Peer 1: 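Have a look at this one before I ask anything.
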There are 2 protein chains.
Amino acid sequence: MTEQLKRATISDVAEHAGVSRAAVSKVLRNAYGVSPAMRTKVEESMALLNYRPLALARGMRGNSYTLGVFLVDLSNTFFSVLAEGIRDVAEELGYQVLIGQARQGLDAQQKLIEAMIDRRMDGLVLIAPFGPNDELEKLGRTIPVVVLGRHGPAKYFDTVASDDIAGSALIVDHLVSLGHERISMLANTQPDSEPGMPQTVRRHGYDLAMEKHGLSQWIDHVPGRWGTESGLEAGRSLAARPLAQRPSALHGGADVAALGAYTALFEAGIHIPDDMSIVGYDNIPATGLPPIGLSTVDQSGVQMGRQAAELLLSRIEGRTESEHVLVSPRLIVRKTSAPPRR
Amino acid sequence: MTEQLKRATISDVAEHAGVSRAAVSKVLRNAYGVSPAMRTKVEESMALLNYRPLALARGMRGNSYTLGVFLVDLSNTFFSVLAEGIRDVAEELGYQVLIGQARQGLDAQQKLIEAMIDRRMDGLVLIAPFGPNDELEKLGRTIPVVVLGRHGPAKYFDTVASDDIAGSALIVDHLVSLGHERISMLANTQPDSEPGMPQTVRRHGYDLAMEKHGLSQWIDHVPGRWGTESGLEAGRSLAARPLAQRPSALHGGADVAALGAYTALFEAGIHIPDDMSIVGYDNIPATGLPPIGLSTVDQSGVQMGRQAAELLLSRIEGRTESEHVLVSPRLIVRKTSAPPRR
DNA sequence: GGATTTGTGTAGATCGGTCTACGTTTTTCT
DNA sequence: AGAAAAACGTAGACCGATCTACACAAATCC
């Protein structure tokens with residue numbers, strides 16, 4: 001077996017350039033106290049030896065130049081769009097983004113976050129994390145944290161979220177303008193829901209919008225979680241209702257759930273949008289597939305991801321007062337919303 | 001601002017337990033030379049001090065207990081399924097999996113892989129990487145590598161792939177048994193295609209299967225890449241063909257491309273499967289959505305992911321001869337394939 | 001022109017683990 | 001019982017960077 005070449009270390013560069021290790025380190029970090037002459041000399045040696053600093057070793061004392069992104073669910077394509085926005089910004093500033101996934105719940109999430117901390121990540125972006133707010137506050141005092149998809153206020157971490165109140169209003173207004181009155185919502189009733197979670201806020205926004213239109217009597221939360229499975233179940237339960245008690249339109253809560261419900265209703269012979277309108281939330285790629293064409297609310301994921309990364313980096317630079325960003329959502333009307341027929 | 005508690009180090013544990021740091025390290029690594037008495041003593045101290053070894057520091061000499069997964073595209077849900085399989089296995093053995101994404105091409109891929117090496121990852125799983133085989137060979141001599149989705153042989157890395165020859169045959173056989181003769185294929189004609197890449201092998205499998213059925217005259221590669229965009233274009237080009245030159249069935253190459261083509265054809269008023277049958281490849285979640293119901297080939301992603309992780313871990317343990325695993329694909333018939341009508 | 005300030009470079013401790021080499025004690029063998 | 005082998009612990013070098021403290025030279029000040 002051929003022996004692999006040994007990688008150049010900072011000492012090799014120092015020796016080759018005829019200077020001290022500290023000097024090379026200074027060049028590396030753009031630190032004060034380096035003459036132009038020395039800089040070029042060192043840089044030449046680095047290039048010649050094909051030197052790359054070992055990020056791991058840097059992390060022992062300084063920064064690891066690594067950001068961690070925590071995801072509940074990789075298969076939710078909206079999340080991966082967010083991740084891309086984060087990466088874009090981070091890369092411009094020389095940070096690497098590594099993603100960890102843990103779908104099995106709070107324990108797995110905790111373990112993964114610890115693993116990221118144990119690898120000395122400089123900061124964390126949590127996308128739609130589980131768990132109570134005070135756990136996150138505790139975490140935020142340990143390491144710079146930005147939470148994506150949960151609303152503030154929070155003292156020790158920043159948040160970036162879609163304005164879910166406005167988003168829900170967008171949906172209800174749209175359906176009402178089409179002539180619907182009996183509008184239900186797939187509510188995410190996860191047991192550990194906290195104030196500030198999208199499910200909580202969107203539901204509240206739905207309630208408010210319904211009241212605004214004088215439709216309080218039709219407020220109806222179809223229970224479940226936001227996933228394909230749960231959406232299917234919710235759809236089946238709707239299909240099982242007697243016709244008189246069935247809504248004419250549905251606020252899907254999130255696209256994955258909305259598509260699940262769509263599927264179940266479709267299979268039960270309930271035609272969309274003739275028999276029932278559905279509007280989702282998130283504008284994931286699958287919603288655009290033409291035979292479906294799910295009307296939905298777009299959150300401009302890349303934008304949110306970029307925002308989150310910028311906040312995180314400024315926090316790493318030392319900012320301590322928390323910031324909370326709301327991104328305005330936008331309604332996208334496709335083919336699953338139409339005037340009621342009954 | 002409240003000061004955060006200082007984290008316990010190995011020295012703290014050693015002092016608390018009244019032993020040497022080396023002893024604690026031995027307990028940690030399950031190394032030889034620890035009496036049961038000392039083990040329990042140390043473990044008690046660790047629990048009491050809430051000690052977690054800093055993975056970063058461990059990586060300086062020993063293992064970092066971190067596996068890197070490289071992904072071209074997070075939004076391809078098949079890839080995320082693979083990643084899950086990897087994580088399952090890795091976690092059982094105390095390894096963490098961190099995912100990196102780089103969709104912009106070879107350079108970005110190279111940078112990301114370097115970043116993972118610079119963080120001293122113990123091994124890498126590359127999912128559908130770009131680039132020539134000898135680049136990968138070179139990489140494989142630097143760090144344990146398993147490539148997912150590229151066929152062997154390879155000397156310095158392992159591969160796990162779907163048996164794409166068989167998969168293509170499955171599709172062609174199925175379509176032929178329905179009565180199709182004029183079967184085209186969305187061929188991925190990326191400029192940097194290498195032998196062993198799925199696109200190459202699937203296309204070859206298609207050619208072979210067509211020949212086997214005596215349909216060589218109808219062999220037809222619709223050029224493009226495997227992505228939604230490119231699928232759309234291919235679909236449009238098919239729709240633009242005069243009816244007499246249009247195939248009655250289409251081997252989609254990959255689900256994302258097949259769905260793109262489906263979309264374009266649908267929009268052009270070509271009805272699936274009445275006017276044209278389409279079969280995809282990968283069985284991504286969106287294919288199952290009922291109004292679509294794309295017939296496809298399943299590769300059992302979780303299984304492949306697990307295999308890859310097992311290979312990688314055994315390679316980290318010291319195995320040097322390379323292994324190459326082929327996973328048998330399975331046809332899933334849904335609603336987009338039917339007998340031809342013309 | 002001597003004192004002070006500024007600029008440039010180095011030595012060496014440090015981060016938190018791992019691992020080799022070696023000393024001491026206990027067990028096994030003949 | 002004495003020798004050899006095995007079991008158990010520890011000291012201290014080491015991994016590859018960062019960072020503080022300090023030495024020395026050059027520039028600026030009064």
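Note that the structure is predicted; figures quoted are calculated from it, not measured. First the proteins, then the strands, lettered A, B, ... as listed; each starts at 1.
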Peer 1: Of the options A:I86, A:L126, A:T159, which is the one that meets A:L148 in a side chain to side chain contact (heavy atoms under 4.5 Å, CB included)?
Peer 2: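 That would be A:I86; it is the only one of A:I86, A:L126, A:T159 passing the side chain to side chain contact (heavy atoms under 4.5 Å, CB included) with A:L148.
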Peer 1: State, to the nearest 10°, the angle formed by the axis through the first five base pairs of the helix from C:dG1-D:dC30 to C:dT30-D:dA1 and the axis through its last five.
Peer 2: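 The helix from C:dG1-D:dC30 to C:dT30-D:dA1 shows an end-to-end axis angle of 30°.
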Peer 1: Give a yes or no answer on whether the side chain of B:H151 reaches the backbone of B:V325 with a donor-acceptor pair at less than 3.5 Å.
Peer 2: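 No.
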Peer 1: Does D:dC8 have OP1 or OP2 sitting under 4.0 Å from an N or O in the side chain of B:Y32?
Peer 2: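 So the side-chain polar atoms of B:Y32 never come under 4.0 Å of the phosphate oxygens OP1 or OP2 of D:dC8.
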Peer 1: Are any of the side-chain heavy atoms of B:I99 and B:L71 separated by less than 4.5 Å?
Peer 2: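 When only atoms from C-beta onward are counted, B:L71 and B:I99 do touch, with a gap below 4.5 Å.
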Peer 1: With a 4.0 Å limit, can you tell me whether B:T9 has a side-chain N or O closer than that to the phosphate oxygens OP1/OP2 of C:dG16?
Peer 2: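 False: B:T9 side-chain N/O out of range (4.0 Å or more) of C:dG16 OP1/OP2.
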Peer 1: Please report, rounded to the nearest Å, how far the P atom of D:dG16 is from the CZ atom of B:R119.
Peer 2: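 Going from B:R119 (CZ) to D:dG16 (P), I get 16 Å.
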Peer 1: Between B:A8 and A:G33, which residue's closest nucleotide on DNA chain C lies nearer the 5′ terminus?
Peer 2: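 Upstream on the strand: A:G33.
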Peer 1: Rounding to an integer number of Å, can you tell me how far B:R120 CZ sits from C:dG17 C1'?
Peer 2: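 After rounding, the reported distance stands at 13 Å.
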Peer 1: Take a 6.0 Å sphere around CD of A:E137 and say whether it holds more than 12 heavy atoms from other residues, nucleotides or ligands.
Peer 2: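 Yes, because the 6.0 Å sphere around CD of A:E137 holds more than 12 heavy atoms from other groups.
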Peer 1: Which pair of heavy atoms, one from B:R21 and one from B:I10, lies closest together, and at what distance?
Peer 2: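 Closest heavy-atom pair between B:R21 and B:I10: O-CD1, 3.9 Å.
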Peer 1: What is the distance, rounded to the nearest whole Å, between atom CG of B:L56 and atom C1' of C:dC15?
Peer 2: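 It works out to 9 Å between those atoms.
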Peer 1: Grab the two heavy atoms, one from A:P129 and one from A:L136, that are nearest each other, plus how far apart they are.
Peer 2: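 Heavy-atom minimum between the residues: CG-CD1, 4.2 Å.
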Peer 1: Just the rounded figure in Å: distance from P of C:dG17 to CG of B:L49.
Peer 2: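 One finds 12 Å between P of C:dG17 and CG of B:L49, rounded.
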Peer 1: Would you indicate which nucleotide in C:dT10, D:dT10, C:dG16 comes nearest to any side-chain atom of B:L54?
Peer 2: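 So the side chain of B:L54 is nearest to C:dG16.
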Peer 1: If the cut-off is 4.0 Å, is A:S35 near the phosphate of C:dG9, judged by side-chain N/O to OP1 or OP2?
Peer 2: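 So the side chain of A:S35 is within the cut-off, an N or O lying under 4.0 Å from OP1 or OP2 of C:dG9.
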Peer 1: Pull out every protein N or O sitting under 3.5 Å from an N or O of nucleotides 18-23 of chain C, one pair per line with the distance.
Peer 2:
{"from": "C:dT18", "atom 1": "OP1", "to": "B:R58", "atom 2": "NE", "distance (Å)": "2.9"}
{"from": "C:dT18", "atom 1": "OP1", "to": "B:R58", "atom 2": "NH2", "distance (Å)": "3.2"}
{"from": "C:dT18", "atom 1": "OP2", "to": "B:S25", "atom 2": "OG", "distance (Å)": "2.5"}
{"from": "C:dT18", "atom 1": "O2", "to": "B:R61", "atom 2": "NH1", "distance (Å)": "3.1"}
{"from": "C:dT18", "atom 1": "O4", "to": "B:R21", "atom 2": "NH2", "distance (Å)": "3.4"}
{"from": "C:dC19", "atom 1": "OP2", "to": "B:R29", "atom 2": "NH1", "distance (Å)": "2.7"}

Peer 1: Let me check something: any side-chain donor-acceptor pairs from residues 45-59 of chain A under 3.5 Å, sequence neighbours excluded? List them with distances.
Peer 2:
{"from": "A:S45", "atom 1": "OG", "to": "A:H16", "atom 2": "ND1", "distance (Å)": "2.8"}
{"from": "A:S45", "atom 1": "OG", "to": "A:K41", "atom 2": "O", "distance (Å)": "3.4"}
{"from": "A:R52", "atom 1": "NE", "to": "B:D118", "atom 2": "OD1", "distance (Å)": "3.2"}
{"from": "A:R52", "atom 1": "NE", "to": "B:D118", "atom 2": "OD2", "distance (Å)": "3.1"}
{"from": "A:R52", "atom 1": "NH1", "to": "B:E114", "atom 2": "OE2", "distance (Å)": "3.4"}
{"from": "A:R52", "atom 1": "NH2", "to": "B:D118", "atom 2": "OD1", "distance (Å)": "2.8"}

Peer 1: Under a plain distance cut-off of 3.5 Å, with no hydrogens placed, do A:R119 and B:T66 share a side-chain donor-acceptor pair?
Peer 2: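 Looking only at side-chain atoms, A:R119 and B:T66 do form a donor-acceptor pair, the distance falling under 3.5 Å.
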Peer 1: Is there a side-chain contact between A:M121 and B:L98 in this structure, where contact means two heavy atoms from C-beta onward sitting under 4.5 Å apart?
Peer 2: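 Touching, per the 4.5 Å side-chain cut-off.
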Peer 1: Within this structure, what is the NZ-to-C1' distance between B:K41 and D:dT10, rounded to whole angstrom?
Peer 2: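 Value for this atom pair: 13 Å.
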